[in-house]
**Q** 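First, the structure itself, so that you have it in front of you.
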Number of protein chains: 4
Amino acid sequence: MTSPRSPRASPRRLPPDAPEPEKRRAILHAAVRVFAEKGYHGCRIADVARAAGVAYGLVYHYFQNKDELLESVFAEQWAILLAALKAIQEGPGSASDKIAGVLGFVLDVFKTAPTAVRVLILEVARTPKVLRSGSTPETFFSAIGIISDVVKAGQEAGELRSDIEPVVAATGILGALEMTVTGLVVGLVRPAGPPEEQIDAVKRQLEAMVLAGLRAPGR
Amino acid sequence: MTSPRSPRASPRRLPPDAPEPEKRRAILHAAVRVFAEKGYHGCRIADVARAAGVAYGLVYHYFQNKDELLESVFAEQWAILLAALKAIQEGPGSASDKIAGVLGFVLDVFKTAPTAVRVLILEVARTPKVLRSGSTPETFFSAIGIISDVVKAGQEAGELRSDIEPVVAATGILGALEMTVTGLVVGLVRPAGPPEEQIDAVKRQLEAMVLAGLRAPGR
Amino acid sequence: MTSPRSPRASPRRLPPDAPEPEKRRAILHAAVRVFAEKGYHGCRIADVARAAGVAYGLVYHYFQNKDELLESVFAEQWAILLAALKAIQEGPGSASDKIAGVLGFVLDVFKTAPTAVRVLILEVARTPKVLRSGSTPETFFSAIGIISDVVKAGQEAGELRSDIEPVVAATGILGALEMTVTGLVVGLVRPAGPPEEQIDAVKRQLEAMVLAGLRAPGR
Amino acid sequence: MTSPRSPRASPRRLPPDAPEPEKRRAILHAAVRVFAEKGYHGCRIADVARAAGVAYGLVYHYFQNKDELLESVFAEQWAILLAALKAIQEGPGSASDKIAGVLGFVLDVFKTAPTAVRVLILEVARTPKVLRSGSTPETFFSAIGIISDVVKAGQEAGELRSDIEPVVAATGILGALEMTVTGLVVGLVRPAGPPEEQIDAVKRQLEAMVLAGLRAPGR
DNA sequence: AATGAATGAGCTTTCATTCAT
DNA sequence: CATGAATGAAAGCTCATTCAT
């Protein structure tokens with residue numbers, strides 16, 4: 001990985017107006033599945049190509065190299081998450097509502113696309129430093145930043161307790177959320193009832209716990 | 001052709017009474033450092049050998065292969081953590097005290113041995129499922145189990161709220177803790193003041209937040 | 001950690017209709033030469049690749065591993081021999097004619113391609129049992145079987161003596177043939193005259209001896 | 001193999017009067033068993049040491065290196081065979097008697113020590129050229145030579161046919177014998193009856209065939 | 001004599017990347 | 001755009017051999 005073999009100039013980006021080629025999408029989606037199953041390092045380009053039903057070399061037609069492929073996968077996933085977070089942040093409602101909204105959103109996505117979430121959870125921010133040169137870390141920081149801002153706003157409004165730094169709060173929230181999803185993914189957290197309701201139950205409990213931990217005294 | 005080479009008779013395990021060879025320790029410690037720096041996949045056996053100051057082949061004298069080396073590293077680290085968790089669980093004090101104790105322990109270890117924690121955090125439980133065939137997953141489950149038991153005891157004593165399943169609570173606690181440590185590792189969480197006090201501050205805030213989230217109403 | 005890496009999906013076998021790639025042939029032929037010179041264990045894949053004039057990795061593109069390469073070499077050589085034996089068996093002539101035909105065929109092949117014969121002689125059927133898991137042993141048994149059938153037919157026709165079990169006879173015939181070729185290969189058997197005639201002389205003598213040993217009394 | 005790492009001067013030979021150390025014998029015998037099972041290249045010094053019940057390094061105390069160990073094994077086995085051949089040659093009886101004696105001797109040895117024969121059969125004269133620098137090939141030639149002399153004597157006495165060169169005859173005889181033993185080893189040749197008698201039956205048939213092939217016309 | 005930990009060259013195998021078609 | 005054969009550096013693993021005890 002990251003063997004800087006030939007820092008080719010052209011970023012291989014399609015002209016901004018052209019629609020994204022169908023096969024590029026196929027590769028990207030296949031990559032998500034394969035990464036989810038074997039992890040970034042455990043999979044070969046050949047695996048992705050096969051899963052996408054395209055030829056070996058085509059991957060290199062659309063992506064500079066393996067790293068860029070990973071970056072693209074992450075970028076796409078994070079873009080969705082970030083957009084949602086931003087929408088929630090800028091939307092109406094109290095800080096508590098917004099935090100609950102974030103928890104709910106992630107768990108809902110997990111209900112419909114557990115694989116994608118799994119990749120985000122298990123691979124992001126777990127890859128060696130070298131990889132950290134792309135856009136991934138900034139994006140990760142952004143996510144923390146948004147939640148952090150929501151918390152700060154809540155504190156200033158007197159709704160949330162002020163003795164906890166927003167960054168620490170945001171980190172704790174995301175951590176609890178992430179580990180809960182991991183628990184679901186791994187099968188550790190497995191409440192009674194049909195799958196759908198299981199997740200809803202977990203969502204309610206997590207929400208209650210997190211909000212109680214942040215609520216300003218007397219509220 | 002390769003005659004199946006009778007599946008390696010000696011499990012390469014030292015007799016249980018013999019003291020651990022000095023060089024074995026050296027390799028294990030070196031592995032922690034190298035994994036921390038480059039990640040499991042990013043490092044070569046040669047790196048570990050060099051860092052340990054031993055010959056290449058000696059690694060294979062003490063460990064079956066790269067995987068077993070990783071397993072051993074994890075096993076050792078987890079053993080320490082689990083022992084501490086158990087000691088806290090069986091010790092005196094209320095459920096809140098014990099939970100605070102767990103948070104404090106992990107953050108204290110981080111203060112003195114951030115490298116080891118980093119390996120545990122960034123590499124463990126982030127490797128594809130298949131890998132989970134060793135002792136790692138059970139150990140991870142054990143950790144969750146212990147915290148979960150502490151929570152349950154607290155609930156039965158009326159000290160902690162009962163509307164949250166112990167497993168969900170335990171997962172949330174560990175998640176918040178882990179992400180906080182990650183934040184410290186990555187440099188995201190970076191409160192003012194000298195390093196020592198920074199961590200103490202984070203510890204206090206995390207503790208307050210977590211306990212408030214679990215406290216039974218009216219307490 | 002090595003995710004089990006789904007057992008190599010493609011058996012690396014070309015579709016039965018496609019013509020064999022030129023380079024695959026080149027590798028196979030080079031392998032024969034190199035095995036002949038250094039023996040299976042004494043040669044490296046690098047040697048074969050160099051002798052074939054192809055890149056290192058291409059060997060692994062066409063063959064699973066070193067063992068499979070050896071198997072392929074053997075399979076090819078044996079296939080030729082077996083086909084010839086079968087043709088002789090099913091052709092016209094008495095049992096004696098057919099046995100003489102077999103002796104002649106092998107020694108003729110040796111005249112034109114001593115290298116290939118050398119590989120077959122020195123490497124085949126001399127490798128530990130375990131190795132025998134491929135197709136080699138069955139093929140070897142087939143060869144014995146064919147000769148054995150020829151002998152049996154000759155016995156039933158009253159042409160050959162009946163007090164010797166066909167299998168024993170076949171084994172003796174092939175053994176004498178093989179050792180003779182080995183003697184020629186090693187330079188032990190070295191009659192006077194130019195090479196061509198040397199071999200012919202040996203052929204006549206071997207034939208006379210073998211047939212006299214099998215002839216039915218009174219013929 | 002044969003990496004001429006340090007052509008140490010001392011041949012590691014014990015003083016000619018001293019009795020052979022018990023452990024040296026143990027190693028030699030273990031080597032025979034292990035070679036028989038896995039072949040020369042398929043076995044490790046560790047295998048031999050373990051089979052002999054001695055420590056790793058002791059093998060190197062008694063033998064220069066792996067090659068010398070193989071040489072010693074062969075030398076010992078061949079010495080037995082050669083001594084027997086010579087005894088037969090110099091003993092009384094006609095050429096036919098002597099040839100029958102050779103066949104009988106080898107098959108008898110096989111009855112009592114099939115393993116040792118197997119090593120001689122399957123490993124000797126099948127090892128890459130490089131190894132041929134020791135005493136092995138000469139010994140092999142000697143065996144052929146002795147039989148060859150017996151044949152020649154028989155020809156001069158008018159007992160055996162003269163139209164076959166003694167070397168060719170000797171090669172054929174040994175080849176038939178060797179392949180027959182191989183057949184027994186591999187389980188290909190498997191006549192009816194209890195094991196003991198099976199071998200005797202094979203012996204009689206082989207003898208009849210070989211002698212008929214060599215007898216002078218009119219005898 | 002005996003032991004087995006220690007060494008390291010060498011070999012097999014993998015797989016990201018290139019390129020001719 | 002698409003293909004997949006071809007390349008070769010890199011890394012894991014083996015095992016003969018040495019050496020301190």
Side-chain angles (χ1 to χ4, degrees), chain A residues 1-3 5-6 8 21-24 41-50 54-67 69, chain B residues 2 5 8 10 14 21-24 27 41-49 53-67 69, chain C residues 2 5 8 10 14 21-24 27 41-49 53-67 69, chain D residues 1-3 5-6 8 21-24 41-50 54-67 69:
Chain A
M1 163 170 128
T2 60
S3 17
R5 220 166 285 195
S6 71
R8 182 178 309 212
E22 183 188 325
K23 301 232 171 168
R24 191 178 196 275
H41 287 285
C43 81
R44 300 161 287 187
I45 292 291
D47 295 329
V48 175
R50 193 180 318 124
V54 302
Y56 215 101
L58 197 59
V59 176
Y60 283 89
H61 187 77
Y62 285 118
F63 303 92
Q64 204 93 119
N65 52 35
K66 200 181 171 187
D67 283 4
L69 177 57
Chain B
T2 48
R5 224 172 234 334
R8 185 66 66 198
S10 69
L14 11 160
E22 184 187 325
K23 302 238 170 167
R24 191 179 195 274
I27 293 171
H41 288 284
C43 81
R44 298 155 295 180
I45 292 292
D47 295 330
V48 175
V54 303
Y56 202 103
L58 197 60
V59 176
Y60 285 91
H61 186 76
Y62 285 116
F63 303 92
Q64 206 93 127
N65 52 35
K66 201 181 171 186
D67 283 4
L69 177 57
Chain C
T2 49
R5 219 174 239 330
R8 183 69 66 196
S10 70
L14 11 161
E22 182 189 325
K23 301 237 170 168
R24 191 179 195 276
I27 293 171
H41 287 284
C43 82
R44 297 155 297 180
I45 292 293
D47 295 329
V48 176
V54 303
Y56 207 105
L58 196 60
V59 176
Y60 284 91
H61 186 76
Y62 285 117
F63 303 91
Q64 206 94 125
N65 52 36
K66 201 180 169 187
D67 283 4
L69 177 57
Chain D
M1 159 172 128
T2 61
S3 18
R5 220 167 286 195
S6 71
R8 183 176 308 210
E22 182 188 326
K23 301 229 170 171
R24 192 178 194 276
H41 287 285
C43 82
R44 300 161 285 187
I45 291 292
D47 295 329
V48 175
R50 195 180 316 123
V54 304
Y56 216 100
L58 197 59
V59 176
Y60 283 89
H61 188 78
Y62 286 116
F63 302 91
Q64 204 93 122
N65 52 37
K66 200 181 170 185
D67 282 4
L69 177 57

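In the text below, chain A, chain B and the rest are named by the order of the sequence lines, each starting its count at 1. As the structure is a prediction and not an experimental result, all values here were calculated from the model.
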**Q** DNA chain F: C:A55 or A:G57, which has the more 5' nearest nucleotide?
**A**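 Taking each residue's closest nucleotide, the earlier one in sequence belongs to A:G57.
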
**Q** Which is more 5' along DNA chain E, the nucleotide nearest C:R44 or the one nearest D:V54? Just name the residue.
**A**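 It is D:V54, whose closest nucleotide lies nearer the 5' terminus.
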
**Q** Could you list the residues that satisfy side-chain contact (heavy atoms from CB on, under 4.5 Å) with B:Y56, not counting sequence neighbours?
**A**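 Only B:I45, B:A46, B:Y60 meet the side-chain contact (heavy atoms from CB on, under 4.5 Å) criterion with B:Y56.
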
**Q** Both distances under 3.5 Å, Watson-Crick or G-U wobble: on that basis, could you give the dot-bracket string for DNA chain F, with [ ] for crossing pairs and | for other-strand partners?
**A** .||||||||||||||||||||

**Q** How close or far is atom C1' of E:dT12 from atom CD of C:Q64, stated in whole angstroms?
**A**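 To the nearest whole Å, that distance equals 13 Å.
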
**Q** What's the NE2-C1' distance between D:H41 and E:dC11, to the nearest Å?
**A**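 Distance check: D:H41 NE2 to E:dC11 C1' gives 14 Å.
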
**Q** Rounded to the nearest 0.5 Å, how far does CG of D:L58 lie from CZ of D:R24?
**A**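 Reported to 0.5 Å precision, the distance equals 11.0 Å.
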
**Q** Closest nucleotide of DNA chain E for A:K66 versus for C:I45: which of these residues is on the 5' side?
**A**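 Looking at the nearest nucleotide for each, C:I45 comes out on the 5' side.
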
**Q** A:Y56 OH to E:dT18 P: how many Å, rounded?
**A**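 Computing the A:Y56:OH to E:dT18:P distance gives 12 Å.
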
**Q** Take the protein atom OH of B:Y62 and the nucleotide atom C1' of E:dA5, then report the distance between them rounded to whole Å.
**A**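 So the OH-C1' distance, B:Y62 to E:dA5, works out to 6 Å.
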
**Q** Which pair of non-hydrogen atoms, one from B:I27 and one from B:V48, has the smallest distance, and what is that distance?
**A**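 Closest pair (atom of B:I27, atom of B:V48, distance): O-CG1, 3.9 Å.
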
**Q** Whole-Å distance between F:dG12 P and B:I27 CD1?
**A**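 Value for this atom pair: 14 Å.
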
**Q** Nearest 0.5 Å, what's the OH-NZ distance between A:Y62 and A:K23?
**A**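 Interatomic distance, A:Y62 OH to A:K23 NZ, rounded to 0.5 Å: 8.0 Å.
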
**Q** For the pair made of NZ in B:K23 and P in F:dA20, what is the distance, rounded to whole Å?
**A**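 Roughly 12 Å, once rounded to whole Å.
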
**Q** How long is the gap from NZ on D:K66 to SG on D:C43, to the nearest 0.5 Å?
**A**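 The distance works out to 4.5 Å.
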
**Q** Counting side-chain heavy atoms from C-beta on, which of F:dA2, F:dA9, E:dT7 comes nearest to A:L58?
**A**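 Of F:dA2, F:dA9, E:dT7, F:dA2 is nearest to the side chain of A:L58.
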
**Q** Indicate the atoms forming the closest heavy-atom contact of C:A49 with C:V59, along with that distance.
**A**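 Smallest heavy-atom distance, with atoms named: CB-CG2, 4.1 Å.
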
**Q** Atom CG of C:D47 and atom C1' of E:dT12: how far apart are they, to the nearest Å?
**A**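 Answer to the nearest Å: 13 Å.
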
**Q** Tell me the interatomic distance from C:N65, atom CG, to E:dC11, atom C1', rounded to whole angstroms.
**A**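 The distance from CG of C:N65 to C1' of E:dC11 comes to 13 Å, rounded to the nearest Å.
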
**Q** Look at D:H61 and E:dA1 and indicate whether a side-chain polar atom (N or O) is within less than 4.0 Å of OP1 or OP2.
**A**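 Yes, because at least one side-chain N or O of D:H61 sits under 4.0 Å from OP1 or OP2 of E:dA1.
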
**Q** OP1 or OP2 of F:dT17 sitting under 4.0 Å from any side-chain N/O of D:Y60?
**A**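 It does, given that an N or O in the side chain of D:Y60 lies less than 4.0 Å from OP1 or OP2 of F:dT17.
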
